[in-house]
Engineer: 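Submitted below is the structure of interest, expressed as structure tokens.
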Amino acid sequence: MIMKPFLRLVAENLYAKFGDDLSRITVVFPNNRARLFFGEYLADIAGKPIWSPKYTTIQDLFAGCTDL
């Protein structure tokens, strides 16, 4: 049995839950590389153009929450 990559499982779950309109959610990643893989998985799962979620990294999320 071949295991699916974790990010593909997350993409499948989000697509099943939110459908074509993922623009209402933000997905936080540990780095930009993970975002690239997730985007490819999501496009493959949808099989058509969809509104993608907003992507950010954990570093950018925390930087946006403080003035320091």
Engineer: Which heavy atom of Thr26 sits nearest a heavy atom of Thr56, and at what distance?
Structural biologist: CG2-CG2, 3.9 Å
Engineer: Any link between Val28 and Val10 through a network of hydrophobic side chains (Ile, Leu, Val, Met, Phe, Trp, Tyr) touching at under 4.5 Å?
Structural biologist: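 No, separate clusters.
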Engineer: Could you grab the distance from atom CG of Asn31 to atom CG of Leu36, nearest 0.5 Å is fine?
Structural biologist: 9.0 Å
Engineer: In Å, rounded to the nearest 0.5 Å, how long is the span from CZ of Phe18 to CG of Asn13?
Structural biologist: 9.0 Å
Engineer: What pairs with Tyr41 under ring pair (Phe, Tyr, Trp, His ring centres under 6.0 Å), at least two apart in sequence or on another chain?
Structural biologist: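 Checked Tyr41 against ring pair (Phe, Tyr, Trp, His ring centres under 6.0 Å); zero matches.
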Engineer: Side-chain contact test, heavy atoms from C-beta onward, threshold under 4.5 Å: evaluate it for Leu14 versus Phe38 and give yes or no.
Structural biologist: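 Yes. Closest side-chain heavy atoms under 4.5 Å.
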Engineer: Please work out which of the three classes, parallel, tilted or perpendicular, describes the rings of Tyr55 and Phe29, given edges at 30° and 60°.
Structural biologist: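 Geometry flag for Tyr55 against Phe29: tilted rings.
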Engineer: If we count only N and O atoms by modelled type, under 3.5 Å, do the side chains of Tyr15 and Asp20 hold a donor and an acceptor together?
Structural biologist: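 Present: a donor and an acceptor within the cut-off.
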Engineer: Between atom CG of Leu42 and atom CG of Leu7, what is the distance when rounded to the nearest 0.5 Å?
Structural biologist: 11.0 Å
Engineer: Could you grab the distance from atom CD of Glu12 to atom NZ of Lys17, nearest 0.5 Å is fine?
Structural biologist: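 Between Glu12 CD and Lys17 NZ, I get 15.5 Å after rounding to 0.5 Å.
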Engineer: Is Ile45 close to Arg8 at the side-chain level, that is, under 4.5 Å between some pair of heavy atoms?
Structural biologist: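 Side chain of Arg8 against side chain of Ile45, heavy atoms only: contact under 4.5 Å found.
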Engineer: Do Pro53 and Ile25 come within less than 4.5 Å of each other through their side chains, counting heavy atoms only?
Structural biologist: yes
Engineer: Measure the OG1-CZ distance between Thr57 and Arg33 for me, rounded to the nearest 0.5 Å.
Structural biologist: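 Thr57 atom OG1 to Arg33 atom CZ measures 15.5 Å (nearest 0.5 Å).
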